[in-house]
Amino acid sequence: MTDLSQDTLAIHAGEEPDPATGALTPALHMSATFRLPGFGPELFDALMMGSEEAPYAYTRWAHPTARVLEKKMAALEGGEAALAVASGMAAISAIMFTFLQAGDHVVASDVCYAGAQELLGIHLPRQGIAVSLVDTSDTEQVRAALTPQTKIVYVETPANPITRLSDIRALAEIAHEIGAILVVDSTWASPCLQRPLQLGADYVVHSATKYLNGHGDALGGVIVGPKAGIHRIRKEALVHLGGAMSPFNAWLIARGLATLPLRMARHSQSALVIAQFLEGHPAVKRVFYPGLVSHPQHDLARRQMSAGGGMIAFQLKGGLGAAIAMADKTRIITYATSLGHARSLWFYYPADLYVDAAPFLTPAQKAAFREWIGDGIVRLSVGLEDPKDLMADLDRALRARTAKGRLGPVAYALLKRLQSSEKPAAPDKD
Ligand SMILES: *Cc1c(COP(=O)(O)O)cnc(C)c1O
């Protein structure tokens with residue numbers, strides 16, 4: 001099927017009519033276990049997961065509903081094999097805990113999804129794995145951080161929440177020079193806008209909760225990469241650590257993939273129009289959108305992405321107060337975490353919480369991060385609604401002046417001062 005376009009693969013890859021009933025829609029197999037083959041080589045294959053498509057034995061290891069999703073994702077990313085897991089974080093941790101051991105070293109982006117940053121900053125060092133967090137948009141910083149122990153270079157591009165990009169092709173070359181692998185979290189682009197494996201990356205991970213599913217109704221994660229490596233992650237991370245995807249979620253996400261190319265085209269078209277609108281809006285200080293010429297890495301975006309995607313980051317002239325007012329006034333765009341859904345969502349990151357207090361960043365890294373985030377940044381996930389309605393909603397909310405918006409920042413500052421002045425409890429006398 002490799003000669004087919006993504007539009008066609010999204011619908012047909014991994015699917016065939018049910019041999020028993022002729023049903024065209026893949027079945028949802030809600031079974032935790034499977035009848036085992038009789039005594040013989042097939043039984044051993046099933047129980048030891050000896051081969052990549054061993055007979056099904058237990059749903060945590062592999063199941064037919066996930067296999068449809070895995071085949072579709074391998075086809076869409078142009079990879080040999082894929083593995084579906086319970087969430088995006090399950091995908092990232094599965095890679096880390098399969099390929100790393102005490103004494104190894106990871107170079108990773110200093111700006112990425114908060115859960116990934118904490119996995120890298122807290123849990124890996126606790127297991128004796130060293131981690132260097134650097135600005136991966138600067139390939140020289142990555143090169144300088146490599147050691148003979150470096151096994152993984154990990155980047156997110158575009159990076160959550162600021163849309164900073166990393167050059168996948170250049171980083172793959174640098175990682176491979178010392179025998180490390182490059183892992184790319186491509187959640188924000190989806191395979192329709194960016195194909196990291198074609199640019200030299202070894203593994204792609206996705207939070208399938210976002211664009212792959214697209215409807216905001218299921219958590220999931222996917223890893224795509226070489227057959228042998230994916231099989232190893234399945235045998236180690238799924239069998240030993242758990243984190244399997246439920247059949248129902250696999251069914252929903254595979255179903256969502258059929259419309260992924262259409263959705264990504266619409267998300268990108270709408271986001272470009274909205275990013276341009278925001279750039280001209282009097283309440284907006286600065287907009288970061290890879291599809292805008294003003295994005296600091298617009299050239300790289302044009303080289304490695306086929307469109308700008310659905311995620312926009314922007315600074316407000318009115319800072320926190322404007323964000324508080326906006327949260328009360330958006331009617332269509334919902335103030336909520338997550339992204340990549342049909343429904344538009346937005347979230348505000350105050351710099352003092354997300355940058356100044358970040359435990360893993362050096363002062364120089366905080367300064368570089370602040371360049372993008374200002375006093376705080378809005379992350380807007382542009383959904384599939386009519387962009388005219390979205391712009392009207394944004395315009396009304398951006399112009400809103402509310403009492404809460406005026407008082408909120410004062411109350412927030414007071415609360416922070418109270419917290420920092422709280423004295424630690426007196427030590428026990430005895
Ligand atoms: C949401 C997100 C994740 C985590 O995915 P979950 O499915 O919530 O575990 C990882 N990376 C990126 C870029 C994300 O946006």
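Along the sequence shown, the residues carry numbers beginning at 1. When a ligand or atom number is given, it counts from 1 through the structure's own listing order. Everything quoted here is computed from the prediction, not taken from an experiment.
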So if I count the atoms of ligand 1 from 1 in the order they appear, which ones are less than 4.0 Å from some heavy atom of [X]?
X	result
Asp185	10 (C), 11 (N), 12 (C), 13 (C)
Asn160	14 (C), 15 (O)
Gly220	7 (O)
Ser87	7 (O), 9 (O)

Sorted by chain and number, sequence neighbours left out, ring-ring contact (aromatic ring centres under 6.0 Å, His included) with Phe288 holds for Trp372
Top protein contact for atom 8 (O) of ligand 1, by heavy-atom distance: Tyr113 OH, 3.9 Å
Of all the non-hydrogen atoms in the protein, which one sits nearest to atom 15 (O) of ligand 1, and at what distance? Lys210 NZ, 2.8 Å
Using every non-hydrogen atom in the two residues, find where Ser31 and Thr33 come nearest and quote the distance to one decimal. OG-O, 2.7 Å
I want to check a possible cation-pi pair here: Lys210 against Tyr113, using under 6.0 Å from ring centre and within 45° of the ring axis as the test. yes
Does an N or O anywhere in Gly88 fall below 3.5 Å from an N or O of ligand 1? yes
With respect to Met89, determine whether any N or O atom, backbone or side chain, lies less than 3.5 Å from an N or O atom of ligand 1. yes
Ala275: side-chain contact (heavy atoms from CB on, under 4.5 Å) partners, not counting sequence neighbours: Val287, Tyr289, Leu292, Ile312
Between Phe369 and Tyr354 (judged by ring centroids, cut-off 6.0 Å), do the two rings come close enough to count as a pair? no
Is the ring pair Tyr58/Trp61 parallel, tilted or perpendicular, if the boundaries are 30 and 60 degrees? perpendicular
